[in-house]
Amino acid sequence: MFYGAGAIGGHLAARFAGGGADVSVVVRGANLAGIRARGLTMQAPDETFIAQVTATDDPRTLGPQDAVVVTAKAPALASVAAGIGPLLGPDTP
């Protein structure tokens with residue numbers, strides 16, 4: 001699961017989903033609406049594809065995750081710290 005789905009988080013989430021992983025992202029605003037409506041588009045010089053991921057702005061809806069990768073920018077880290085708890089289980093890296 002990726003906390004943040006901008007340029008870096010979105011790219012990684014799409015790659016993982018494209019490789020067959022069950023991927024969730026925590027994202028807000030227009031990005032959330034776009035991912036829910038159209039999937040997560042990954043564009044690279046050699047390929048473009050659309051990955052289907054679970055997208056939410058409320059981490060509580062996802063429950064504990066196998067792993068959490070924080071890809072939010074520094075100014076958002078306080079809100080990430082406040083919201084990440086429900087995603088973390090006893091063995092979640």
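Not measured: the values here are computed from a predicted model.
- Under the 4.5 Å side-chain heavy-atom criterion for ILVMFWY residues, a single connected hydrophobic cluster contains both V69 and V23.
- Atom CG of N31 and atom CG of L40 lie 9.0 Å apart (nearest 0.5 Å).
- Residues V25 and I8 are members of one and the same hydrophobic cluster, defined by side-chain heavy-atom contacts under 4.5 angstrom among Ile, Leu, Val, Met, Phe, Trp and Tyr.
- Take F2 and apply the ring-ring contact (aromatic ring centres under 6.0 Å, His included) test, not counting sequence neighbours, and it matches F16.
- The minimum heavy-atom distance between A55 and I35, with the atom names listed, is CB-CG2, 3.6 Å.
- Shown here for V53 and A13, the closest heavy-atom pair between the two residues is CG1-O, 4.5 Å.
- The minimum heavy-atom distance linking P86 with P59 is given by the pair CB-O, 4.2 Å.
- For D91, the side chain to side chain donor-acceptor pair (under 3.5 Å) criterion is met by no residue, not counting sequence neighbours.
- Listed by first and then second residue, the salt bridge (charged side-chain N to carboxylate O under 4.0 Å, His left out) pairs that reach into residues 58-71 are D58-R60, sequence neighbours excluded.
- Partners of L62 by side chain to side chain contact (heavy atoms under 4.5 Å, CB included), not counting sequence neighbours, listed by chain and number: M1, S24, V26, T54, T56, Q65, L87.
- Pairing each heavy atom of A5 with each of T71, the nearest pair is N-OG1, 4.4 Å.
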Listing, residues 75-82 side-chain donor-acceptor contacts under 3.5 Å, not counting sequence neighbours, or none:
unit_1, atom_1, unit_2, atom_2, d
S79, OG, A76, O, 2.9

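- Put simply, L32 and V68 are part of two different groups of oily side chains (I, L, V, M, F, W, Y) that touch within less than 4.5 Å, one to the next.
- The salt bridge (charged side-chain N to carboxylate O under 4.0 Å, His left out) analysis of residues 33-51, with sequence neighbours excluded, yields the pairs R15-E47.
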